[in-house]
Each structure stands twice: as C-alpha cells, then as structure tokens.
Amino acid sequence: MFLPDKELLISMYRKMRLIRRFEETGMEMHKLGLIRGYFHSYIGEEAVAVGACSALRRDDYIVSTHRGHGHCIAKGADIKRMMAELFGKASGYSMGRGGSMHISDRVTGNIGANGIVGGGIPLAVGVGMGIKLEQSDRVAVCFFGDGASNNGVFGESLNLAAIYRLPVIFMLENNCYAATTHVRETSTCTDLSERGGGYGVAGKNIFGNDPVEVCRTVLEAAEKARNGEGPSLIEAKTYRQYGHHVRDKGTYMPPQELEIWKSRDPLILIARSLEDAGIDTSEIQEIDREIERDMKNAVAYAKYSQEPSVEEFLREIQIYE
Amino acid sequence: MFLPDKELLISMYRKMRLIRRFEETGMEMHKLGLIRGYFHSYIGEEAVAVGACSALRRDDYIVSTHRGHGHCIAKGADIKRMMAELFGKASGYSMGRGGSMHISDRVTGNIGANGIVGGGIPLAVGVGMGIKLEQSDRVAVCFFGDGASNNGVFGESLNLAAIYRLPVIFMLENNCYAATTHVRETSTCTDLSERGGGYGVAGKNIFGNDPVEVCRTVLEAAEKARNGEGPSLIEAKTYRQYGHHVRDKGTYMPPQELEIWKSRDPLILIARSLEDAGIDTSEIQEIDREIERDMKNAVAYAKYSQEPSVEEFLREIQIYE
Amino acid sequence: MPRKLLYREALNEAIREEMRRDERVFILGQGIAARGGSYGVTRSLLEEFGPGRVIDTPIAEASITGLAVGAAIQGKRPIVEIMSIDFSTLAMDMMVNQAAKYPFITGGQGKVPMVLRTQGGADHGLSIQHSQSFEAFFYHVPGLKVVMPSTPYDAKGLLKTAIRDDSPVVFIEHKLLYETEGEVPEGEYTIPLGEAALRREGADCTVLSYSLMSLKSMQAAEILAGEGISCDVLDLRTLVPLDRKAILDSVKKTGRLVVVNEAVKRGSVASDIAAFAAEEAFDYLKAPILRVSGKITPIPYNAALEQACVPSVGEIVNAVKKVMES
Amino acid sequence: MPRKLLYREALNEAIREEMRRDERVFILGQGIAARGGSYGVTRSLLEEFGPGRVIDTPIAEASITGLAVGAAIQGKRPIVEIMSIDFSTLAMDMMVNQAAKYPFITGGQGKVPMVLRTQGGADHGLSIQHSQSFEAFFYHVPGLKVVMPSTPYDAKGLLKTAIRDDSPVVFIEHKLLYETEGEVPEGEYTIPLGEAALRREGADCTVLSYSLMSLKSMQAAEILAGEGISCDVLDLRTLVPLDRKAILDSVKKTGRLVVVNEAVKRGSVASDIAAFAAEEAFDYLKAPILRVSGKITPIPYNAALEQACVPSVGEIVNAVKKVMES
Ligand SMILES: Cc1ncc(C[n+]2csc(CCOP(=O)(O)OP(=O)(O)O)c2C)c(N)n1
Ligand SMILES: Cc1ncc(C[n+]2csc(CCOP(=O)(O)OP(=O)(O)O)c2C)c(N)n1
Ligand SMILES: [Mg+2]
Ligand SMILES: [Mg+2]
C-alpha cells in the first residue's frame with residue numbers, strides 16, 4: 001500500500017497552503033477592484049487538485065475548469081503569471097485576455113481552464129488519444145464538477161475513453177454545489193461515480209479532503225492508465241467553502257453543512273498528517289512565511305506589470321479577418 | 001402476472017404483420033424510384049414497437065426515430081397517409097415535406113420521427129413534463145436506438161426524467177447496429193440498460209423479439225409511471241434484418257448472426273404464440289389477406305394522391321420571412 | 001407620474017402576468033427558482049407559482065431546451081432560460097433541428113410555443129466565453145423568431161407577445177440593460193413582433209440598431225445633432241420578423257444607412273440588413289452603407305481590450321460623419 | 001492526357017498523402033474506417049494506416065469533435081468527419097467555444113491544428129435535417145477558417161493546406177459534388193487558403209459564389225454569354241479568410257454584383273459579401289447588389305418542392321439580367 005513520505009506530505013502541504021493563500025489574496029484583490037470578472041475560489045477543495053497532481057509526473061497532462069486556480073498551482077504554475085492574468089496584465093498566462101477562467105500552462109501540461117461547464121471533458125479525451133497515438137505512458141487527469149457531470153459530453157466522453165482505452169482519469173470534484181444548486185437537486189443517486197459503470201469506466205468514491213487518499217487513488221488509476229488498461233472515474237467528495245464566486249454570499253448554504261465541512265477542512269487534515277509524521281512546526285511556519293512572501297511578490301508583479309497594448313491587440317487580431 | 005388474451009395476441013400479430021408488409025412494400029417502391037431519400041426498414045424489430053404500444057392507451061404518447069414506420073403503425077397511424085408521405089404527396093402526414101424520417105401523428109399521440117439520432121430523447125422528457133403539469137396519468141414512450149444512447153442527450157435526459165419523476169419510458173431498441181457500426185464497437189458493456197442506474201433510472205434488459213415480453217415490461221413501467229414513480233429504461237435486444245437503409249446491402253453483417261436472429265424472427269415467434277393459444281390458421285390467413293388489401297389500397301392512395309403545389313408551398317413559407 | 005421599472009423588473013412582470021393568465025406557461029433554467037436567476041429576472045416567481053412551474057435544472061443546456069420543445073409540442077408554453085447566450089451553442093441542435101423544424105414537419109399542425117430567454121453582450125471582464133453576441137445564428141434559421149429589446153417597455157411588451165406566440169422565439173436580453181430604467185405603464189399591454197421603433201427622426205442618415213446598441217446610437221445621434229447632422233434612429237426590436245418596411249422607409253428618406261450591432265462584424269445581422277438595403281433601396285442611396293460592429297475577435301478580459309472590441313458611441317458618430325461626406 | 005479524379009477521390013488522395021507525410025495526422029468519424037465513409041471519401045485508408053489512425057466513432061458529435069480539439073492541442077493533427085453539416089449543431093460548442101478560442105486564450109501559444117470535414121446541401125429527398133447549408137454559423141466565428149471547394153482540384157489542394165494549417169478549419173463538401181470529375185495532376189500540390197479563383201472573365205457583371213453554386217454560376221454565365229452579357233465568375237473557394245481583393249477588383253471592374261449561395265438567404269454569407277461590397281465598392285456600383293440564395297424555409301422532401309428551395313441556373317441568369325437593366 002501507498003504510504004506518503006515526509007517529503008511528499010510537506011510538498012502537498014506547501015501547495016495546498018499556497019492555493020489557500022492565493023485564493024484569499026485573489027478574493028481580496030477582487031473586492032478592491034483590481035480583479036474583474038468571475039472569480040471562483042477553490043478554498044476547501046485544495047486536497048483534490050494537490051492530491052491528484054502529486055500522483056502525476058510533470059509531463060502528464062491536466063484539464064481544468066472555471067474553478068481552476070488550484071489545478072494550476074497543484075500542477076506547478078507560476079503564481080506571478082497567474083496573478084498577473086487576474087489583473088489583466090500582458091505578463092499574465094493569457095496576456096490579460098482570458099482572466100480567471102482561462103488560464104493554461106504548456107510548461108506544466110495544464111491544457112487549461114474553461115468557462116463552459118463540462119467543456120474540458122472531451123478535450124481530455126482528445127489529449128488521451130494523442131498520448132495513445134504516441135504510445136507514451138503519460139496520462140491526462142480531467143478535473144470537472146458535479147454540475148459538469150450533468151452535461152451530455154460527460155457520458156459521451158466516458159464512453160469514448162472506454163472504447164479506445166485511453167489514459168484518462170476523470171476526476172469528478174463533487175463539492176456539493178453547481179452554482180446555487182445542491183447536488184441533491186440534480187441527481188437522485190448518492191454517488192455520481194455510479195455513472196461510470198454503464199459506460200464501461202469503473203467508478204470510485206473517495207473522501208476528497210484527504211490529499212493522501214486522493215493521491216493514492218490517482219496513483220492507482222494512473223498506473224492502470226499507463227499500462228494501457230484505460231480510463232477511471234474518481235468522485236472526490238469535497239466542499240466549496242464559499243459562495244459560487246466572489247460576489248455570491250452563499251446564503252443558501254446551510255450553516256451546519258458548512259461547519260461540518262470546515263471541521264474537516266483539507267488544510268486541517270494535512271496539518272494533522274504532518275504532525276503525525278513528526279514534522280516540526282517550525283518547518284511548517286517557515287513554509288508559511290515563504291508562501292506569504294511569494295504571494296506578496298506575485299501581487300506586486302501583477303500590479304507593476306504592464307497593461308496589454310490596445311494598438312498591438314488590434315493589430316494582432318487581424319489574423320481573424 | 002400478465003398473460004395476453006387471444007384478442008391481444010391477434011391484434012399484435014396484425015400490427016406486426018402490417019409493419020412487415022409495409023416495409024417490404026416500401027422498399028420495393030423505393031427501388032422503383034417512387035420513394036426517395038432514406039428508407040430505414042423496421043423489419044426484424046416489429047415486436048418492440050408493437051409490444052410497447054400494445055401496453056399503451058390511445059392517449060399516451062410515443063416519440064419515434066428515423067426508423068419510425070413501425071412505431072407509427074403500432075400506435076395506430078393510417079398507412080395510406082404514411083405511404084402518401086413516402087411518395088411525397090400532399091395527402092401525406094407531412095404534406096410531402098418530410099418523407100420517411102419525419103412522420104408524426106397528433107391523432108394517435110405520435111410526437112414524431114426524427115432525422116437526428118437521439119434528437120427525440122429530450123423531447124420525450126418535455127412531453128413527460130407536460131403530462132406531469134396536467135397531473136394526468138398518461139405516459140410517454142421514447143423509442144431510440146443503441147446508437148442514440150451514445151449521444152449526450154441520452155444521459156442528460158435520463159437524469160432530468162429521474163429528478164422530476166416524469167412518466168417517461170425510455171425504450172432502447174438495441175438492434176446491434178448503428179448504421180454500419182456494431183454495438184460491440186461503441187460500448188464496452190454488454191447491456192446498455194446499465195447506463196440508467198447512474199442517472200437514477202432503473203434499467204432492464206429484455207428479449208425484444210417477443211412482443212408479449214415487451215408488452216409486459218412496458219405495462220409494468222407504465223403502471224409505475226402512472227403512479228408518479230417516474231421513468232424506466234428498457235433495453236430491448238433485437239436485430240435489424242436488413243442493411244441500415246434500402247441502399248445499404250449490409251455486407252458487414254455476419255451471415256451467422258443474421259441467421260440466428262432470423263430463426264427468432266418476431267413474426268415467427270408471434271405466429272407460434274397464436275398457435276399455442278389455439279388460434280385458427282384460417283383466421284390468420286384472413287388477417288393476412290386483409291393486410292394485403294390494405295397495403296394495395298395504401299399504395300394506390302399514395303400513387304393517385306396529388307403532388308403538393310409548388311406555388312402554394314412558396315406562398316406558405318412566407319411565414320418564415 | 002408614469003411608473004418606472006428596471007428592464008429586469010419589466011421582464012419579471014411579463015413572465016408573472018403571463019403565468020397568471022395561462023397556466024400552460026412554465027419556466028425552467030439554472031438557478032431561476034429560489035435564486036431568481038443570475039440577473040434577478042425570475043425573482044419570487046417560485047413563491048407565487050411553486051416548484052411545479054418554476055423549475056431549477058441541472059447543467060444540461062441541450063436537454064432542458066429539448067424539454068421545452070417537447071413540452072411545447074405537447075401543448076404547454078415553456079420558457080427556458082439559458083444563462084448566457086454563449087452556452088446556447090450546446091442547445092443548437094434542439095433549436096435549429098427540432099424547435100424550428102417541427103411546425104414545418106407537421107404541415108403547420110404541430111406548434112412549438114416556447115421562448116428561449118438568454119442574455120449576451122460584453123462587459124465586466126466576463127471574457128471569452130461569457131460575452132458573445134450570437135443572434136446571427138438564430139437569425140439564419142427559418143422557423144425561429146428573434147427578439148432583442150432595448151428598453152424596459154419593449155422588454156415587457158415583447159416578452160408577453162413572445163410567450164403567446166405559437167412559434168419558437170429566441171428572446172435575447174443584454175447584460176448591461178438589466179439595471180436600466182424606463183417607463184412601463186401599469187396596465188396590460190403587448191407589442192407585436194416585427195415592428196421597429198423610430199426612436200428619433202432626422203433627415204440626413206438612418207442609424208439602425210437593436211438591443212444595447214440602440215442606446216449608444218441615440219447618444220451618437222444626440223452628438224451629431226449638435227454638429228448639425230440629423231438622424232433617423234431605428235430600433236429594430238425584433239430581428240425576425242424584420243420590419244423591412246420601416247427600414248426601407250427610413251433609408252429612402254435619408255439616403256444613408258449606418259447599421260450598428262455588437263456582434264462580430266463578419267456574418268452579422270448588420271451585414272444582412274446592409275445587404276437587404278443594397279438590394280432593395282440601392283437607387284435611393286447616396287453613400288456606402290457602413291456597418292459599425294464588434295471586432296472580429298474573441299472578447300478579451302482586460303478592460304481596455306474588451307472595450308476596444310465593442311462599438312463605441314464615437315465609432316457610430318464617425319461612421320455617420322463618413323457617410324455624410326459622400 | 002491529364003489525370004481525372006472524382007471529387008471524393010481527390011479528397012481521399014489528400015488525406016492519404018497527408019497521413020503519409022505526417023504521422024500526427026489521424027482521422028475519426030462515424031463509419032469512416034472499414035466502410036470508407038458515407039460518400040466513400042475515406043475508402044481504404046484503414047487498410048493503409050490501421051485502426052489507430054483511422055477511427056470509427058460512436059454517435060457523439062460533440063465529444064468526437066472535442067476529442068479532435070483536445071488531440072490538436074496536445075500536438076496531433078486530427079481530421080474529424082461529421083457525416084452531415086446538419087449534425088454540426090451538436091458540435092457547435094466544441095467548435096465555437098473551444099476550438100476557435102483556444103489559440104486566443106493562450107495568446108497564440110496554443111494551436112488547434114484540426115480539420116472538421118463535413119458535407120451539406122440539398123438533394124435526393126434527404127429533406128429537413130439532412131440538406132442544410134450552415135457555413136454561415138462558422139463564418140461568423142472568429143478563429144475558425146472555412147473552406148468550400150467546388151472542384152476535385154481545389155478539394156485536394158485545399159484539404160492538404162487545411163490539414164497543415166495551425167488553426168481549426170471547417171471544410172465543407174457538397175453532397176452533389178462527390179461524383180463530379182475534374183483534372184487533378186499526379187504530383188504534390190497545395191492551394192493557399194484565402195485565394196478566390198476567377199473561373200471566367202467578363203466585363204458586365206460579377207457573379208460570385210462557392211461550392212456547388214459555382215458550377216451553376218458557370219452554367220448561367222454560359223447562357224448569358226449567348227445573350228451578349230459577359231460575366232466575371234468568381235469562385236471564393238475559402239470563405240475565411242476571404243479574398244477581399246479579388247472581390248473588389250472584380251466588382252470595381254464590372255460595377256455589378258450578384259452573389260449566389262445555396263444557404264438560406266437571411267443571414268447568409270451572401271449577405272455578408274453583399275454588405276462588404278456595399279461598404280467598400282459603393283462608388284463603383286451601377287446597380288443593386290442581388291443575392292440569389294436558398295429560400296427561407298426548411299428543405300422539404302418532395303422533389304419539386306426541394307428544387308424550388310435551391311437556387312437554379314435560371315434564377316442566376318435572371319438576377320444578372322435584372323442588374324443589367326440598371
Ligand atoms: C455550459 C454552462 N452552463 C452554465 C454555466 C454557468 N456556470 C458557471 S459555473 C457553474 C456551476 C458549475 O458547477 P460544477 O460543475 O459543480 O463546478 P463547481 O463550480 O462546483 O466547481 C455554472 C452553472 C457555464 N459556465 N457553462
Ligand atoms: C446526430 C446524428 N448523427 C449521425 C446520423 C446519421 N445516422 C442516421 S441513422 C444512424 C444510426 C443510428 O443508430 P441507432 O440509434 O442504433 O438506430 P438504428 O438505425 O439502429 O435504428 C446514423 C449514424 C444522424 N442522423 N444523426
Ligand atoms: Mg460543484
Ligand atoms: Mg441500432
């Protein structure tokens with residue numbers, strides 16, 4: 001059985017903490033008017049992205065969603081360029097053209113976020129097909145939400161991945177909500193992972209706030225995929241600790257529900273694991289300090305980066321004529 | 001348990017035989033050039049439509065497919081107007097505008113055929129919602145193929161029907177092929193009915209060439225639906241005894257496969273049931289004679305009906321301006 | 001004093017009145033029930049009409065639209081809300097191949113009295129997949145009607161008519177109009193589809209537009225008036241059916257035409273109207289027909305870039321001045 | 001004697017050559033492998049390239065198109081076949097919101113070198129949902145290229161270029177062209193996107209069209225020549241990028257323009273080109289710009305009705321005569 005070593009635990013903690021702080025900082029900047037558009041925070045779900053990406057190699061792929069900052073960071077994106085993108089700056093991942101919902105990163109194999117709920121799912125199948133054609137042993141992890149699993153491309157794509165035996169891991173982030181709608185209202189089944197079977201993709205349910213459990217499950221799925229045994233569906237049960245986006249107060253989220261999930265906040269759980277593994281608090285405090293510094297730097301970088309030039313933009317879009 | 005009486009057996013035989021003869025005649029007419037466009041024969045699958053519609057009331061609805069002649073007849077359509085439509089005549093069900101893939105019939109609750117594979121599935125859900133809003137105890141049977149179950153709207157629609165508990169019976173006609181592609185190549189599961197569970201719709205598998213079994217299963221599903229207990233998914237295993245359409249010779253269909261299925265041809269099976277029920281062959285011969293007469297009349301009606309007027313058509317389409 | 005309502009309130013009132021008037025009317029969409037819709041259009045309808053007629057849906061644009069089509073065929077009058085017109089791409093088959101075709105298939109016997117309500121337009125940095133203007137897709141499909149109101153008054157009167165219409169209607173709102181205010185009388189009224197509104201009369205040039213761009217066109221006309229150029233400002237309100245007569249009357253009078261819309265210029269409704277005028281009013285034209293439209297590009301996030309993609313009042317002014325030179 | 005090929009054979013050769021040339025090229029679609037496609041375009045590719053690169057798919061237009069987008073982003077060069085352009089409605093989101101946008105999102109870093117091959121047009125009584133012409137949808141979307149060849153020569157040369165292009169290309173064939181024959185040289189050649197072909201030169205009127213309508217336009221020009229009217233017949237070949245220069249050159253020369261396409265007139269590409277000419281060549285125009293397009297209706301089944309909906313040679317002739325009167 002898989003047992004994480006100290007190094008892995010620490011690296012997971014670092015990334016989870018970085019995501020948490022990135023989101024907190026971003027929301028602040030949004031409220032200050034420095035970030036516009038939709039901002040979907042990943043707070044409460046950090047263990048899913050970090051657990052999954054910790055099971056991956058750098059040359060593996062991920063496909064992300066509108067709630068994608070966590071995926072970016074987990075796969076190794078540069079938070080300076082992420083923040084710059086949120087600020088709409090030329091140094092951002094999309095040159096300020098995309099904003100929060102459209103960050104992608106070739107270097108770390110992040111195919112990108114998507115403003116269309118479910119839009120990335122078929123793309124992941126295509127990435128899987130590309131890998132298969134190369135006969136390499138890479139894999140693609142496709143992140144998507146409980147809401148996205150109601151979009152028809154979900155079933156279509158699972159089926160395609162199954163019949164072609166593609167190395168795709170469908171990672172369903174069930175955070176209990178699709179915007180303001182509770183998952184109870186959009187499915188009569190308790191487990192969305194049940195949807196895999198009929199398409200020939202074995203489904204599994206896991207507790208998504210424990211990065212170790214997520215990592216272990218994805219490692220298994222990845223091994224299967226690398227061996228040419230095809231796709232997997234993993235439903236990670238987790239919780240969106242804020243409203244759907246910055247401006248959504250989430251008043252429809254029952255306080256008890258939130259409390260229960262806050263009591264199993266992924267950052268609390270990983271901190272406990274670190275403690276159990278005998279890692280020194282001073283080491284952790286040092287990491288936290290580094291993260292604070294990095295966040296500050298990222299904000300400064302974003303702030304002082306240049307706005308994209310309108311003239312240049314208008315010149316560039318002539319390719320569309 | 002449901003046991004069909006003689007009357008029901010005879011009426012099922014009559015409709016199945018009529019469908020068989022309608023298709024044979026239609027194919028002949030197509031070869032003669034009197035029918036154009038696609039012509040998808042229902043030969044070999046008669047028991048599905050007839051079994052299902054025998055379980056329905058006249059005021060229940062059906063939603064049909066591109067392979068829809070059998071559904072029409074089973075629900076009680078007028079073969080004269082059907083044949084006239086295939087001949088492109090003004091007296092046809094669509095005034096000669098639709099042809100084979102677009103016959104609908106308000107009188108018998110047939111919402112209509114569809115040239116888009118899977119296109120009818122969400123429509124059936126809407127019909128179910130309409131029924132629910134009226135609080136009536138009608139049901140809607142949605143026919144669709146194995147191929148259509150790979151279209152994303154299948155999963156979406158099953159889920160909608162489940163969460164709203166709609167009186168919709170999803171009748172999957174698994175005839176082993178989607179055009180030239182065997183169902184084995186488009187699904188890794190043996191039973192497509194398994195796809196229901198994950199969406200909260202109980203799936204069932206039946207032998208689709210036995211109209212009694214089909215009728216019994218649909219009766220149960222309909223009772224459930226009429227009682228407000230929601231949708232069902234029924235996979236009827238059957239076989240398309242010809243190529244995909246008139247001009248497709250079906251050379252890719254293995255002869256043994258065809259033979260096996262011909263040995264359990266639905267018309268052979270129903271004839272056996274009639275025999276077992278002690279129904280006189282003379283009675284059956286009389287039915288056959290009536291059907292021959294009706295078919296002749298239908299062809300004559302179609303032949304001698306008027307062509308639609310081009311001028312009138314051009315006037316009428318001004319509503320689209 | 002005449003009553004004033006916000007655009008979203010006017011829409012809400014239209015839906016409410018029609019739901020009261022006709023129990024066949026129901027509404028479905030994502031977050032439209034308890035939440036009241038992303039832009040507040042359906043607020044408190046749930047309370048009045050209950051969850052049977054005010055229905056939250058999963059994210060399944062194709063099938064919820066298909067549900068509306070099926071229910072309409074069955075005899076109901078559904079309104080389906082697609083949160084953003086960008087997502088209507090997922091419902092295209094249901095609109096184009098099902099809703100639009102069904103009456104034709106049945107020789108006019110089968111009706112599809114449904115409304116697809118949605119919203120488009122760029123702003124707020126919603127960027128690439130939440131800012132588009134796709135009316136041209138629907139405009140091109142025989143069997144669909146297309147309505148794009150610019151004022152609260154029109155929004156209410158046209159939505160009521162759309163709900164009562166027996167054809168599928170694509171009703172497109174603009175995200176920047178929801179909080180605009182305008183006069184809406186207390187009593188019952190409807191506005192027929194296919195009638196443009198002449199917002200301002202002038203002799204020199206016709207400025208033709210719809211939705212948000214009507215407001216910008218009015219601002220442009222005001223500026224131009226200050227420079228001695230008087231414009232007919234024609235707000236189409238419905239794109240299908242198109243008020244050809246109003247267009248021709250105005251163009252024949254002024255001899256000049258500037259067509260304004262927010263959508264990408266290439267293949268836009270503006271192009272179609274320009275082509276129509278070039279075909280039917282050629283002999284009256286004194287100048288080239290100019291289109292002021294969205295830039296041919298996806299809509300970017302950065303505020304300055306975003307604004308550079310959308311027609312501005314200044315661009316409209318300049319276009320009119322340019323045709324005045326001919 | 002120069003070699004002659006059928007349109008479908010020319011397409012087949014293009015795919016085969018490109019698959020030999022570049023192992024990143026693969027093709028997927030319904031019934032394209034052993035069966036060789038509905039119109040025989042992909043015949044015997046399976047034998048040469050195997051099931052890894054010639055892939056039969058289930059009926060899942062959205063996701064097989066999305067698969068192509070994803071594979072293209074990953075570095076492959078997929079060709080996805082959608083059996084009929086009528087079904088492309090199911091793949092709209094993948095083309096409009098994914099394929100078209102990805103290069104923009106990544107600041108040009110991410111490329112989407114894919115081709116969506118499909119066919120449209122009315123005939124054979126395929127009727128309402130198998131006869132449509134939807135190029136206007138794709139034409140309106142920045143980031144997509146659109147190619148509609150009318151000859152075997154162009155089909156081959158343009159498809160090869162499309163496969164090598166780094167942008168998503170919508171390659172639209174016509175069901176009535178597959179069995180048409182034309183010269184196709186033995187050797188390797190490609191045709192750049194964005195170059196129209198002047199099929200015939202004349203002085204009186206420009207007849208502009210593409211795909212099947214180019215053939216009909218040539219027939220019309222022949223008839224008109226017999227009556228002393230000489231036409232420039234311009235075959236666009238690619239709609240995006242559009243050969244604006246060729247259009248303007250011809251219109252400026254003749255002063256008259258008739259635009260022909262099979263798609264429904266309202267909101268068509270013909271409208272857009274007419275608008276472009278009314279904007280850019282107004283001062284050269286001697287007559288109204290006429291559009292000869294498909295009737296505004298779903299396509300019916302009955303042969304006479306079906307034919308009444310599609311532009312005929314006679315209609316093109318009449319339109320030219322009409323503009324000659326001005
Ligand atoms: C096709 C589509 N429909 C609707 C939306 C609007 N929308 C944005 S996020 C969202 C909820 C998505 O829920 P889920 O997939 O569970 O992801 P989560 O936000 O919970 O991470 C919705 C409805 C959209 N962007 N795309
Ligand atoms: C969306 C769509 N894709 C492809 C087609 C072409 N086509 C027509 S029938 C058919 C096969 C359908 O298979 P199935 O659903 O199993 O029905 P069957 O023909 O076996 O009754 C295909 C691919 C279509 N009409 N619509
Ligand atoms: Mg969610
Ligand atoms: Mg089948």
Side-chain angles (χ1 to χ4, degrees), chain A residues 61 63 85 90 92-99 101-107 109 111-116 118-135 138 140 142 151-164 166 168 308 316-321, chain D residues 23-26 28 49-53 55-78 80 90-94 96-112 114 141-145 166-167 194 240-242 244:
Chain A
Y61 295 97
V63 171
E85 184 57 36
Y93 268 110
S94 309
M95 302 166 64
R97 297 177 179 185
M101 286 190 293
H102 299 285
I103 298 177
S104 68
D105 181 15
R106 295 183 77 70
V107 179
I111 297 292
N114 216 306
I116 303 296
I121 302 177
L123 270 51
V125 173
V127 173
M129 181 62 86
I131 296 171
K132 188 183 168 195
L133 284 167
E134 284 166 8
Q135 300 181 295
R138 299 202 264 180
C142 177
N151 182 333
V153 294
F154 166 75
E156 288 186 3
S157 290
L158 253 65
N159 192 44
L160 292 175
I163 61 178
Y164 304 132
L166 302 179
V168 181
E316 278 176 30
I317 61 173
Q318 284 174 13
I319 57 162
Y320 295 120
E321 291 278 326
Chain D
E23 61 175 20
R24 295 171 303 173
V25 180
F26 69 99
L28 74 164
F49 303 102
R53 291 175 69 200
I55 304 169
D56 269 340
T57 71
I59 301 167
E61 278 77 6
S63 291
I64 64 170
T65 304
L67 188 161
V69 180
I73 292 171
Q74 196 269 347
K76 302 298 166 289
R77 295 192 164 268
V80 58
L90 290 156
M92 282 300 276
D93 191 65
M94 287 297 139
V96 172
N97 284 324
Q98 308 299 334
K101 303 300 193 282
Y102 196 76
F104 184 83
I105 286 168
T106 58
Q109 295 285 301
K111 310 219 179 306
V112 186
M114 67 176 282
V141 179
L144 301 178
K145 295 183 176 171
D166 279 341
S167 304
V240 182
L242 184 65
R244 292 149 167 266

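Labels below follow one simple rule: chain letters A, B, ... track the order of the sequence lines, proteins then strands, and each chain is numbered from 1. Please read all numbers here as calculations on a predicted model, not as lab measurements.
- For L160(A), the part lying under 4.5 angstrom from a heavy atom of chain D is the side chain only.
- Proximity to chain A (any heavy atom under 4.5 Å) is shown, for F104(D), by both the backbone and the side chain.
- The residue among A68(D), S167(D), A71(D) with the most heavy atom pairs within less than 4.5 Å of chain A is A71(D).
- Between chain A and the residues P142(D), A100(D), P78(D), the largest count of heavy-atom pairs under 4.5 Å involves P142(D).
- The parts of I131(A) that come within reach of chain D are both its backbone and its side chain, each placing non-hydrogen atoms under 4.5 angstrom from that chain.
- Counting heavy-atom pairs under 4.5 Å between each of N159(A), I163(A), N114(A) and chain D puts N114(A) at the top.
- Between A62(D) and V153(A), the closest heavy-atom pair is CB-CG1, 3.9 Å.
- If you take CG on L123(A) and CE on M94(D), they are separated by 6.0 Å, rounding to the nearest 0.5 Å.
- Every residue meeting the side chain to side chain contact (heavy atoms under 4.5 Å, CB included) condition with T57(D), not counting sequence neighbours, appears here in chain and number order: Y164(A), L28(D), Q30(D), I64(D).
- The greatest number of non-hydrogen atom pairs below 4.5 Å with chain A, out of N97(D), I105(D), V240(D), is found for I105(D).
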Going through the distances and angles, do R106(A) and T106(D) end up as a side chain to side chain contact (heavy atoms under 4.5 Å, CB included)?
-> CA-CA 9 Å; R106(A) 295 183 77 70; T106(D) 58; over 6 Å; no

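- Contacts between Q98(D) and chain A at a heavy-atom distance below 4.5 Å involve the side chain alone, from C-beta outward.
- Residue pairs meeting the salt bridge (charged side-chain N to carboxylate O under 4.0 Å, His left out) criterion with at least one partner in residues 120-134 of chain A, sequence neighbours excluded, are E134(A)-R138(A), E134(A)-K76(D).
- D105(A) does not touch chain D: none of its heavy atoms, backbone or side chain, sits under 4.5 Å away.
- Only the side chain of S104(A) comes within contact range of chain D, judged by heavy atoms closer than 4.5 Å.
- Residue K101(D) holds its NZ atom at 9.5 Å from NE2 of H102(A), rounded to the nearest 0.5 Å.
- The main-chain N or O of G112(A) is never found under 3.5 Å from a side-chain atom of Y102(D) such that the two would form a donor-acceptor pair.
- R97(A) touches chain D through backbone and side chain together, each having a heavy atom under 4.5 Å away.
- Residue R24(D): no heavy atom, backbone or side chain, is found under 4.5 Å from chain A.
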